[in-house]
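All remarks here apply to the structure that follows.
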Amino acid sequence: EIKDGSFTVLVGPSGCGKSTTLRMITGLETITDGDILIDGKRVNDVAPGKRDISMVFQNYALYPTMTVKDNIEFGLINKKIPKEEREKRIKEVSEIVGLTPYLDRMPANLSGGQRQRVALARAMVKEPKVFMMDEPLSNLDAKLRGAMRVELINMHKRMGTTFVYVTHDQVEAMSMADDIVLMDKGKIIQQSSPAELYHNPNCIYTAQFVGSPQTNIIDGHLPNEIKLGFRPEKVRMHEVENGINIQAKIATREMLGAEIIYSLETAYGTIMAKTDVDMPVDTELKFGVEYDNMYLFGADTYRIPFTAELKDIIAGVFGG
């Protein structure tokens, strides 16, 4: 279920089904089972052009022999929108996406970011109920991707229209979405806000998909195949009182400006830490993780409650 007016992002690895889901909603893929409802109306057999949806593709899909203005206008002519209304909409939308100076140019004479804006403008000008976007920023360089993310967030705020956005990039998903649908192998693993997904993952897959470096998982040391998880930024480079303390040696140190990422060699495998504490490689230390910052996962990899009994077992195994 996608909430009206939300910025919903479908995220997951290649082949998980996110683009197929998007194409089914738009009518570009035939569905074999179930129903698709838009505004409560079943659209299984409604043609793509009649679903009141605009799609922005990864490769922009612009007409190379048409000017920017003609590309934007093309869909409106097909919908038989009167010329005066077309001109008004093109003017408004061109100003929103910063294309006013480029309306007479051909797509070949535009940068990647400008072409992306043409694709967005062409979708916006139709004033659809839903915007569908399939990895629209993947062909842009990192700096431009960051700028376009901000533009899309602002555009969504201004328009209040429902956005459905597909990406494999967790940073894009976390920074843009109101609601994230994390998928794997055709199934929804977790659907929630970015904050909930990050701080309260329902399984190991979610915990490790979101966040960099990945969530640490210690396996094979607790009864009943219980696994202990904690995020690298929750590692304290000193002993803690209300948690576990583990002997370690710094194996590698990666300086990232304000933060440093360490890989720590321990008796329980390599542990990643992310902190602003600066220590040299080969330093031996006892690091701590507080109980409040731990996740516990059962044999099926899904979260289990953190009981007082399990806390005592963890303290006994790892040292409190």
Side-chain angles (χ1 to χ4, degrees), residues 11 170-171 173-175 177 180 182 189-190 192-320:
V11 67
Q170 54 149 312
V171 175
M174 293 294 283
S175 63
I180 293 179
L182 177 60
I189 305 299
Q190 186 165 343
S192 59
S193 69
E196 178 75 6
L197 200 76
Y198 188 81
H199 294 297
N200 199 14
N202 64 359
C203 65
I204 289 177
Y205 179 82
T206 303
Q208 293 206 309
F209 188 86
V210 180
S212 180
Q214 281 190 337
T215 296
N216 293 298
I217 302 291
I218 297 179
D219 190 7
H221 297 275
L222 293 169
N224 303 320
E225 295 182 61
I226 292 171
K227 298 159 185 65
L228 173 66
F230 49 88
R231 293 204 175 275
E233 62 269 29
K234 300 301 184 185
V235 172
R236 306 285 169 252
M237 302 296 273
H238 54 76
E239 291 188 56
V240 297
E241 279 188 25
N242 194 26
I244 60 173
N245 296 293
I246 295 175
Q247 186 67 39
K249 181 181 179 182
I250 296 176
T252 65
R253 172 184 174 281
E254 197 181 343
M255 178 74 180
L256 299 177
E259 293 172 320
I260 302 168
I261 293 175
Y262 296 101
S263 62
L264 307 172
E265 286 176 356
T266 78
Y268 311 103
T270 300
I271 300 295
M272 302 304 292
K274 189 179 188 179
T275 175
D276 59 0
V277 177
D278 195 354
M279 292 183 173
V281 171
D282 292 334
T283 300
E284 299 204 3
L285 72 152
K286 259 197 171 179
F287 72 82
V289 182
E290 284 141 350
Y291 293 122
D292 286 351
N293 293 326
M294 295 177 191
Y295 307 123
L296 290 181
F297 303 97
D300 64 354
T301 77
Y302 277 82
R303 283 280 290 282
I304 58 171
F306 204 116
T307 62
E309 183 189 356
L310 283 171
K311 185 174 164 183
D312 289 342
I313 291 170
I314 289 164
V317 172
F318 298 103

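Computed from a predicted structure; not experimentally measured.
Among residue pairs with one or both ends in residues 304-317, none qualify as side chain to side chain donor-acceptor pair (under 3.5 Å); sequence neighbours excluded. Each ring pair (Phe, Tyr, Trp, His ring centres under 6.0 Å) pair with one or both residues in residues 246-271, not counting sequence neighbours, appears once here: His221-Tyr268, Tyr268-Phe318. Residue pairs meeting the ring pair (Phe, Tyr, Trp, His ring centres under 6.0 Å) criterion with at least one partner in residues 224-253, sequence neighbours excluded, do not occur; the list is empty.
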What do the steps show when you test Val235 against Thr275 for side-chain contact (heavy atoms from CB on, under 4.5 Å), and what is the final call?
CA-CA 8 Å; Val235 172; Thr275 175; over 6 Å; no
Take Met237 and Leu264 through the test side-chain contact (heavy atoms from CB on, under 4.5 Å) and record every step on the way to the result.
CA-CA 10 Å; Met237 302 296 273; Leu264 307 172; 4.2 Å; yes
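Here Asp278 pairs with Arg253 in a salt bridge; the nearest charged N to carboxylate O distance falls below 4.0 Å.
Atom CG in Leu228 sits 6.5 Å away from atom CG in Leu222 (nearest 0.5 Å). Atom CE of Met174 is separated from atom CD1 of Ile180 by 5.0 Å, given to the nearest 0.5 angstrom. Between the CD1 atom in Ile271 and the CD1 atom in Ile246 there is a gap of 6.0 Å [rounded to 0.5 Å].
For Asp282, the salt bridge (charged side-chain N to carboxylate O under 4.0 Å, His left out) test picks out no residue, with sequence neighbours left out. Listed by chain and residue number, Ser263, Met272 satisfy the side-chain contact (heavy atoms from CB on, under 4.5 Å) test with Thr270 (two or more places apart in sequence, or in another chain). For Lys227, the side-chain contact (heavy atoms from CB on, under 4.5 Å) criterion is met by Ile204, Ile217, Asp219, Glu225, Phe297, not counting sequence neighbours.
Residue Thr215 comes nearest to Ala207 through the heavy atom pair OG1-O, 2.7 Å, listed as atom of the first residue, atom of the second, then distance.
Of the possible donor and acceptor atoms, one in the side chain of Asn245 sits under 3.5 Å from a partner among the backbone N and O of Val240. Lys274 places a side-chain N or O within 3.5 Å of a backbone atom of Ser212 that can act as its donor or acceptor partner. A donor-acceptor pair under 3.5 Å links the side-chain atoms of Arg303 to the main chain of Pro201, judged by distance alone. Looking at Asp300, its side chain does come within 3.5 Å of a backbone N or O of Tyr302 through a donor-acceptor pair.
Using a 4.5 Å cut-off on side-chain heavy atoms (C-beta onward), Val11 and Phe209 make contact. Put simply, the side chain of Gln247 reaches to within 4.5 Å of the side chain of Glu284, judged on heavy atoms.
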